[in-house]
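Whatever order the structure lists them in is the order used to number ligands and atoms, beginning at 1. Values below: all heavy atoms of this structure, side chains included; hydrogens, waters and symmetry mates excluded.
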Amino acid sequence: MAQVLITEAALERRIRSLARQIERDFRGGELVVVALLNGTVPFLADLIRRLTLPLRLDFLGVSSYRGATQPRKLIYTKELRLDVRGRSVLVVDDILDTGRTLSSVVAKLRRLKPRLIRTCVLLDKPARRIETLQADYVGFKIPNLFVVGYGLDFAERYRNLPFVGVLRPELYRLPSGCAIEP
Ligand code: IMP
Ligand code: MG
């Protein structure tokens, strides 16, 4: 199925060190962690269990559709419930690719007047960036490959793999009528 790119052990080590970095930077304060659904679930669960500072957790549902002709469109499928005004917000996403998702989310959150916004992504694929934006916390920089596992999907599958892997090319072929753009 998928070839391992980042092992379970490497994920665990890196997430432990990301958590230490976040703790140091937010010393004493309370955080609102805003996680993007659905790809962050395993990463988020592992990250927040390593954080000992006080935090509240909320989710934003973001989905992107790309039709045959029109450009990719972001759709919010779940809105925030917590009030983030005056708060420190840590946005967590699975992967920073073109940057469209994260920049749209950060712009949306800014309108809610938080004290500060920091961003944290498990993976960063700088090769495909369109928006000029960097994440404050990055787990791993990866080359321009389509990856799955540990929350990341291909056509909603493979999210449950405990590692990050690269799909074998023959698996990219989908049943007809099922067009998916990585
Ligand atoms: P961006 O808006 O282009 O930065 O893309 C972010 C979203 O695209 C992520 O939250 C993922 O859902 C998806 N994505 C980008 N690259 C990959 C990949 O290699 N594997 C799986 N999903 C990806
Ligand atoms: Mg996805």
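- Heavy-atom contacts of Leu145 reach the following atoms of ligand 1: 19 (O) (cutoff under 4.0 Å).
- Within a 6.0 Å sphere centred on CD of Gln134, heavy atoms belonging to other residues, nucleotides or ligands number 12 at most.
- The shortest distance between side-chain heavy atoms of Val91 and Leu60 does not fall below 4.5 Å.
- Salt bridge absent: Arg81 and Asp58 never bring a charged side-chain N and a carboxylate O closer than 4.0 Å.
- Close approach to Thr98 involves these atoms of ligand 1, each under 4.0 Å from a residue heavy atom: 1 (P), 2 (O), 3 (O), 4 (O).
- In summary, the side chains of Arg20 and Ser17 do not present any donor paired with an acceptor at a separation below 3.5 Å, with no hydrogens or angles considered.
- Residue-level proximity to ligand 1 for Arg128 is absent, since no heavy atom of it falls below 4.0 angstrom.
- Contact annotation: for Leu152 versus ligand 1, heavy atoms closer than 4.0 Å belong to the side chain alone.
- Relative to atom 7 (C) of ligand 1, the option among Val147, Leu96, Thr101 with the closest non-hydrogen atom is Thr101.
- When only modelled atom types and interatomic distance are considered, Arg115 and Ser88 share a side-chain donor-acceptor pair under 3.5 Å.
- A tilted orientation is assigned to the rings of Tyr150 and Phe43, their planes being inclined by 30° to 60°.
- In this structure, Arg56 does not pair ionically with Asp83, as no charged nitrogen and carboxylate oxygen lie closer than 4.0 Å.
- The distance from ligand 1 to the heavy atoms of Lys125 drops below 4.0 Å at these ligand atoms: 16 (N), 17 (C), 18 (C), 19 (O).
- Distances from ligand 1 to the non-hydrogen atoms of Gly39 include no value under 4.0 Å.
- Annotation: Val148 places no N or O atom under 3.5 Å from an N or O atom of ligand 1; distance criterion only.
- Among all heavy-atom pairs drawn from Glu23 and Leu53, the shortest one is OE2-N, 3.1 Å.
- The ligand atoms of ligand 1 that sit less than 4.0 angstrom from a heavy atom of Asp94 are 9 (C), 10 (O), 11 (C), 12 (O).
- Residue contacts with ligand 1 include Ile95, since one or more of its heavy atoms lies under 4.0 Å from the ligand.
- Only the side chain of Asp93 comes within 4.0 Å of ligand 1, judged by heavy-atom distances.
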